[in-house]
Amino acid sequence: MLPTLDERLTAAAQLVRPGSAVADIGCDHGKLTAVLAASGKFPKVIGADLRPGPLEKAAQTLEHSGCKDCAELRLGDGLSVLSPGEVGTIVLAGVSAQTTWEILEKAPWVFAKDGPRLVMVPATRHSDLRRWLWQHGFALVADRPVQAAGRWYAVMAAEYTGETYEPTFTECLFGKTGEWPEGEGYAAWQKAKLPRFRLGVPDGTPLAEEIDGLLK
């Protein structure tokens, strides 16, 4: 019996490139790994985690799902478990924005045209991850707002183009979430955090003016 995915992981699964191998990095209990493996859409599915405990649970999840032979589990740190060009999509779900880009920075082969698609669900600091992606030559091909367990997440898919971009604060705050029906709710949630953030921004600066404009 396949595990049920929450809204975050369901959206992430929909953004994986079909027809090429996929790696679920930080697979935890292996729910997403199992669903991807059972779908039959990918020639290879790799689930990886830094710790043995979650991998043991992931192995149990695969067995209970009847797809133990359809996925490979690997123990290791970040993308060190992969060879360059081995997968068409890398999923990084449930870690912070900073952990996400630190994992990517340790794998230079990710920064290549026709490289892997990155599917990310940052647990925190969505705006900072968007800024990092644009500043490092990635284009957002999807930026989907979803609600899970009473809070908002942004499920992002990015591909490397090599074209760097310096975004505004507003662009980082909302990304491309406005393209989705849920974008209005996500925007309201992001705006609700602004008054507190504004307290730490000096008056008269361009950032202060931009925030004040959003709050109006």
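- Note on ring orientation: taking the six-membered ring where Trp is involved, the planes of His126 and Trp189 are tilted (angle from 30° to 60°).
- Between Cys27 and Leu32 there is no side-chain heavy-atom pair separated by less than 4.5 Å.
- Atom CG of residue Leu2 and atom NZ of residue Lys31 lie 12.0 Å apart, to the nearest 0.5 angstrom.
- With Glu182 contributing its side chain and Gln147 its backbone, the two residues share no donor-acceptor pair below 3.5 Å.
- Note that the OG1 atom of Thr33 and the CG atom of Asp24 stand 3.5 Å from one another [nearest 0.5 Å].
- Counting heavy atoms from C-beta outward, Leu82 and Ile25 have side chains that approach closer than 4.5 Å.
- Considering every non-hydrogen atom in both Ala11 and Val146, the closest pair reads CB-CG1, 4.1 Å.
- Atom CZ of Arg151 has more than 12 heavy atoms from other residues, nucleotides or ligands within 6.0 Å.
- No donor-acceptor distance shorter than 3.5 angstrom exists from the side chain of Thr177 to the backbone of Pro145, with no hydrogens or angles considered.
- Of the candidates Glu179, Gln14, Glu7, Gln14 is the only one forming a side chain to side chain donor-acceptor pair (under 3.5 Å) with Arg144.
- Counting non-hydrogen atoms of other residues, nucleotides and ligands closer than 6.0 Å to NZ of Lys176 gives a total above 12.
- The shortest distance between side-chain heavy atoms of Trp134 and Leu140 falls below 4.5 Å.
- Two residues are said to be in side-chain contact when any heavy atoms from C-beta on lie closer than 4.5 Å; Arg51 and Asp28 meet this criterion.
- For Phe138 and Phe111, the ring centers are positioned less than 6.0 Å apart.
- Under a 3.5 Å cut-off, the side chain of Asp128 and the backbone N or O of Arg131 do not form any donor-acceptor pair.
- Here the SG-CG distance, from Cys70 to Leu36, works out to 11.5 Å after rounding to the nearest 0.5 Å.
- For Arg125 (side chain) and Ala97 (main-chain N/O), no donor-acceptor pair under 3.5 Å exists by modelled atom type.
- Shown here is Gln135, whose CD atom has more than 12 heavy atoms of other residues, nucleotides or ligands within 6.0 Å.
- When all heavy atoms of Trp109 and Ser83 are compared, the closest pair comes out as CH2-O, 4.5 Å.
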Checking side-chain contact (heavy atoms from CB on, under 4.5 Å) for the pair Leu214/Phe174: CA distance, chi angles, key distance, verdict?
CA-CA 11 Å; Leu214 287 168; Phe174 304 126; 3.9 Å; yes
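- Residues Glu105 and Trp132 have side chains that bring a donor and an acceptor to within less than 3.5 angstrom of each other.
- Judged purely by atom type and a 3.5 angstrom limit, Ser96 uses its side chain to pair as donor or acceptor with the backbone of Thr99.
- A donor-acceptor pair under 3.5 Å links the side-chain atoms of Arg130 to the main chain of Leu173, judged by distance alone.
- Under the 4.0 Å criterion applied to side-chain N and carboxylate O atoms, Arg198 and Asp203 are assigned as salt-bridge partners.
- Here the shortest heavy-atom pairing between Val81 and Glu86 reads O-OE1, 4.3 Å.
- With contacts defined as side-chain heavy-atom distances shorter than 4.5 Å, the pair Pro122/Met156 qualifies.
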side-chain contact (heavy atoms from CB on, under 4.5 Å) assessment of Leu79 paired with Leu104:
CA-CA 7 Å; Leu79 305 188; Leu104 297 173; 4.1 Å; yes
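- In plain terms, the two heavy atoms of Phe42 and Gly19 that are nearest each other are CD2-N, 4.2 Å.
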So Val119 and Val22, side-chain contact (heavy atoms from CB on, under 4.5 Å) or not? Walk me through it.
CA-CA 10 Å; Val119 175; Val22 53; over 6 Å; no
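- Within the model, atoms NE2 of His136 and CD of Glu163 stand 16.0 Å from one another, a figure rounded to the nearest 0.5 Å.
- Contact between Ala148 and Tyr153 at its shortest, heavy atoms only, is O-CE1, 3.6 Å.
- When the side chains of ILVMFWY residues are joined at heavy-atom separations under 4.5 Å, either directly or via intervening members, Leu5 and Met1 end up in two distinct hydrophobic clusters.
- Both Val16 and Leu9 sit in one connected hydrophobic cluster of ILVMFWY residues. Membership requires side-chain heavy atoms under 4.5 Å apart, directly or through other members.
- Between the side chain of Arg117 and the backbone N or O of Leu15 there is at least one donor-acceptor pair closer than 3.5 Å.
- Phe169 and Phe197 have parallel rings, their planes meeting at less than 30° on a 0 to 90° scale where 60° marks the start of perpendicular.
- The backbone N or O of Gly137 sits less than 3.5 Å from a side-chain atom of Thr161, completing a donor-acceptor pair.
- Without hydrogens or angle criteria, Ser127 side chain to Cys172 main chain gives a donor-acceptor distance under 3.5 Å.
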Before giving the answer on side-chain contact (heavy atoms from CB on, under 4.5 Å), spell out for Val35 and Cys67 the whole-Å C-alpha distance, their side-chain angles and the decisive distance to 0.1 Å.
CA-CA 9 Å; Val35 169; Cys67 52; over 6 Å; no
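- Residues Thr100 and Leu92 share a closest heavy-atom pair of CG2-CD1, 4.0 Å.
- Between the CD atom of Glu56 and the CG atom of Leu75 there is a distance of 10.0 Å, given to the nearest 0.5 Å.
- Taking OH of Tyr165 as the reference point, atom CG of Leu133 lies at 13.5 Å (rounded to 0.5 Å).
- Proximity of a side-chain donor or acceptor of Lys106 to a complementary backbone N or O of Gly78 within less than 3.5 Å is not detected.
- In the hydrophobic clustering of this structure, Leu50 does not group with Leu55; members are Ile, Leu, Val, Met, Phe, Trp, Tyr whose side-chain heavy atoms approach within less than 4.5 Å, directly or through other members.
- Under the 4.5 Å side-chain heavy-atom criterion for Ile, Leu, Val, Met, Phe, Trp and Tyr, Val201 and Leu194 are members of the same hydrophobic cluster.
- No continuous path of ILVMFWY side-chain contacts below 4.5 Å connects Val121 to Val110, so the two sit in separate hydrophobic clusters.
- Contact check for Leu129 versus Trp101: side-chain heavy atoms found under the 4.5 Å cut-off.
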